[in-house]
Amino acid sequence: MVLRQELLVGFILLSFCLPGSCNLVFEVQHKFKGREKTLNELRSHDVRRHGRLLSIVDLELGGNGQPAETGLFFARIGLGTPPNDYYVQVDTGSDVLWVNCMGCSNCPEKSDIDVELRLFDPKGSSTAKFITCDQSSCSAMYGGSTIRDCKPDMLCRYTIIYGDGSATTGDFVKDYIHLQQVVGNHQTTVTNGSIEFGCATKQSGELGTASEALDGIIGFGQANSSIISQLAASGKVKKIFAHCLDSVSGGGIFAIGDVVEPTVKTTPVIPHQVHYNVVLNGVKVGETTLDLPVGLFETEYRREAIIDSGTTLAYLPGHIYHPLMQKILGAQPGLKLRTVDHQFTCFKYDENVDDGFPLVTLLFVESLTLIVYPHEYLFQIRDDMWCVGWQNSGTQSRDGREVTLLGDLVLQNKLIYYNLENQTLGWIEYNCTSGIKLREEKSGKVYTVGAHRLSSPASIIEIGRLLPLLLAFTLFFIQ
């Protein structure tokens, strides 16, 4: 994850089954739907998000962060035997699944997003086993590296420090995760599988005090420690997944497996990167291609654009940001601009923004384009006040380094498809309240997974039976 996402995965139903026969479902919801947003909250949210996702760039935006951010995607999963429900943030830019555990220091006790927080108790699960640092599974969680100062009786520890200074520390545990297996069109059944995850014993900073607190985070990054990698290593799943985030009513679709409908055009993923990076070739505003400085895209670093559904806004290098803003605002030269929260360019506008401002088109390798509409890159803070969501990444980082980081501002209302089997990533404009079709590799069967949304505190098993009523993220587990 790079910056934290502004939508919430309301609920995730993941499925495990015998190798080659798994289809899974997630349910999602917009975290702060109906609540007023503030610009400082968006900015502070991305600060925390960036710290978790980027190791080379600090996008700490500062400000007086308030809890009413646009949202995060969270999931409800079952853990342990007998299973209990836990709410975890779904994050495509980080790797480790961790939850707050019994005896945790500074763990949040309540949340403003209408979820009941719960501490995982390893002693309360008959199948929970702590991992020691000399076990192969411990080194696997560290990418196969040798654990320094390892002794056979020492627990396998983890520590994650985020960009805003917050951190989580704990021990790795192996136990069952209980999720929903897709068994037919809009049909699921409860199943489980063994997985290794972090049991947090201490939190600091925003992780312990944030009003949008959850029980933990579930990562869908590329490292060995991520859910997708662990399942792929066990032969249960291909490293292929997709998500579609609905900006209107919240929620969307999330699927692990091969999407066969709609057809998605892709571009290569830059290899050997921590995050999902692709090559950006150029930018158009309306029909005009920006005249970018010679050499801007000549180095691999500058050509990379990070795709992260967990980030709220979109961050561009200054050489792109400044001409982009000039073209956008030049479409309405009579605007009276004002700066809000020392960062956001805002203005009053009473007409349809799609009629008054230009499209922005991002150009990628393999002729893949990403069109961003005015109503997507502009957002309202009042009925008559609009602000620009594009941000200058160079002025946001402590060291002035510039990156292209594309979050929900540009990814919303699109089906984003990650195929790590052939190292490609792509997207297509899509109605995220519609269904998609996925193929189970072993049987060749194709199932339709509809859009659903978590709407009640029902248990994970009850939610599986009510999927047609909810806005969902779907996981397809295949061999």
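The basis for the numbers below is simple: all heavy atoms, side chains too, and nothing from hydrogens, waters or symmetry mates.
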With a 4.5 Å limit on heavy-atom distance, are the side chains of Cys346 and Leu337 in contact?
no
SG of Cys387 to CZ of Phe379: how many Å apart, nearest 0.5 Å?
5.0 Å
Sequence neighbours left out, what passes salt bridge (charged side-chain N to carboxylate O under 4.0 Å, His left out) with Lys414? Give chain and number order.
Glu376
Distance col, row Leu117:CG vs Asp215:CG, nearest 0.5 angstrom, shows 5.0 Å
If only atom types and distance count, is the side chain of Thr404 paired as donor or acceptor with the main-chain N or O of Ala305 below 3.5 Å?
no
Atom OH of Tyr373 and atom CG of Asn413: how far apart are they, to the nearest 0.5 Å?
10.0 Å
Heavy atoms only: give me the nearest Leu280-Leu363 pair and the separation to one decimal.
CD1-O, 3.3 Å
Backbone of Leu406 reached by a side-chain donor or acceptor of Asp308 within 3.5 Å:
no
Identify the heavy atoms of Ala213 and Ser111 that sit nearest to each other, and give their distance.
O-OG, 2.7 Å
Which heavy-atom pair separates Asp85 from Gly78 by the least distance, and what is that distance?
OD1-CA, 4.3 Å
Minimal heavy-atom distance between Leu368 and Trp427, with the atoms involved, is CD2-CZ2, 3.4 Å
With no hydrogens and no angle check, is any side-chain donor or acceptor of Gln332 less than 3.5 Å from a backbone partner on Gly356?
yes
So, does Ser393 use its side chain to make a donor-acceptor pair with the main chain of Val403 at under 3.5 Å?
yes
Expected output: side-chain Ser229 to main-chain Gln222 donor-acceptor under 3.5 Å
yes
Tightest non-hydrogen contact, residues Pro323 and Gly318, listed as CD-O, 4.0 Å
Apply side-chain contact (heavy atoms from CB on, under 4.5 Å) to Glu287 and Lys284, showing your working.
CA-CA 6 Å; Glu287 296 300 320; Lys284 292 176 61 178; 4.2 Å; yes
Output all residues satisfying side chain to side chain contact (heavy atoms under 4.5 Å, CB included) with Lys437, sequence neighbours left out; order by chain, then residue number.
Val260, Glu261, Val446, Thr448
To the nearest 0.5 Å, tell me how far Ile160 CD1 sits from Ile217 CD1.
7.0 Å
Go through it in stages, so that I can follow the logic: the residues are Leu370 and Val410, the test is side-chain contact (heavy atoms from CB on, under 4.5 Å), and I'd like the CA-CA distance, side-chain angles, deciding distance and then a yes or no.
CA-CA 8 Å; Leu370 193 152; Val410 300; 3.9 Å; yes
Check: Asn281 and Val365 side chains under 4.5 Å, non-hydrogen atoms
yes
Considering only heavy atoms from C-beta outward, does the side chain of Val285 approach that of Leu290 to under 4.5 Å?
yes
So how far is it from Ile227 CD1 to Ile177 CD1, rounded to the nearest 0.5 Å?
4.5 Å
Nearest heavy-atom approach of Phe344 to Val388 is CD2-O, 3.8 Å
Using distance alone, with no hydrogens and no angle criterion, decide if Asp258 and Tyr417 have a side-chain donor and acceptor under 3.5 Å apart.
yes
Do Leu329 and Phe347 have side chains that approach each other closer than 4.5 Å (heavy atoms only, starting at C-beta)?
yes
Side chains of Asn277 and Val269: does their closest heavy-atom pair fall under 4.5 Å?
no
Would you say that Ile328 contacts Trp390 through its side chain, given a criterion of any heavy-atom pair below 4.5 Å between the two side chains?
yes
Mark yes or no for whether Thr266, through its side chain, and Gly426, through its backbone, hold a donor-acceptor pair below 3.5 Å.
no
Please verify the inter-ring angle class for Phe220 with Phe241; under 30° counts as parallel, over 60° as perpendicular, anything in between as tilted.
tilted
Can you check side-chain contact (heavy atoms from CB on, under 4.5 Å) on Val88 and Val99, steps first, answer last?
CA-CA 7 Å; Val88 290; Val99 294; 3.7 Å; yes
When you compare the side chain of Asp246 with that of Gln412, does any pair of heavy atoms fall below 4.5 Å?
no
Where do Leu324 and Leu316 land on the side-chain contact (heavy atoms from CB on, under 4.5 Å) test, with the steps shown first?
CA-CA 9 Å; Leu324 176 82; Leu316 302 171; 3.4 Å; yes
Qualifying residue, where the test is side chain to side chain contact (heavy atoms under 4.5 Å, CB included) with Ile270 and the options are Val278, Ile306, Val279:
Val279
Treating Gln380 as the side-chain partner and Met385 as the backbone partner, does any N or O pair qualify as donor plus acceptor under 3.5 Å?
no
Phe357: which of Tyr349, Trp386, Tyr377 passes ring-ring contact (aromatic ring centres under 6.0 Å, His included):
Tyr349
Do Glu366 and Thr267 have side-chain N/O donor and acceptor atoms under 3.5 Å apart?
no
Could you tell me whether the side chain of Asn431 and the main chain of Thr433 form a donor-acceptor pair under 3.5 Å?
yes
Is there a donor-acceptor contact under 3.5 Å from the side chain of Asn419 to the main chain of Asn422?
yes
Gln326, CD: over 12 other non-hydrogen atoms inside 6.0 angstrom:
no
Distance check, rounded to the nearest 0.5 Å: Leu425 atom CG versus Tyr418 atom OH?
6.0 Å
Using a 6.0 Å cut-off, check whether atom CG of Asp355 has over 12 heavy atoms from anything other than its own residue.
yes
Quick one: are Arg338 and Lys348 in side-chain contact, heavy atoms under 4.5 Å?
no
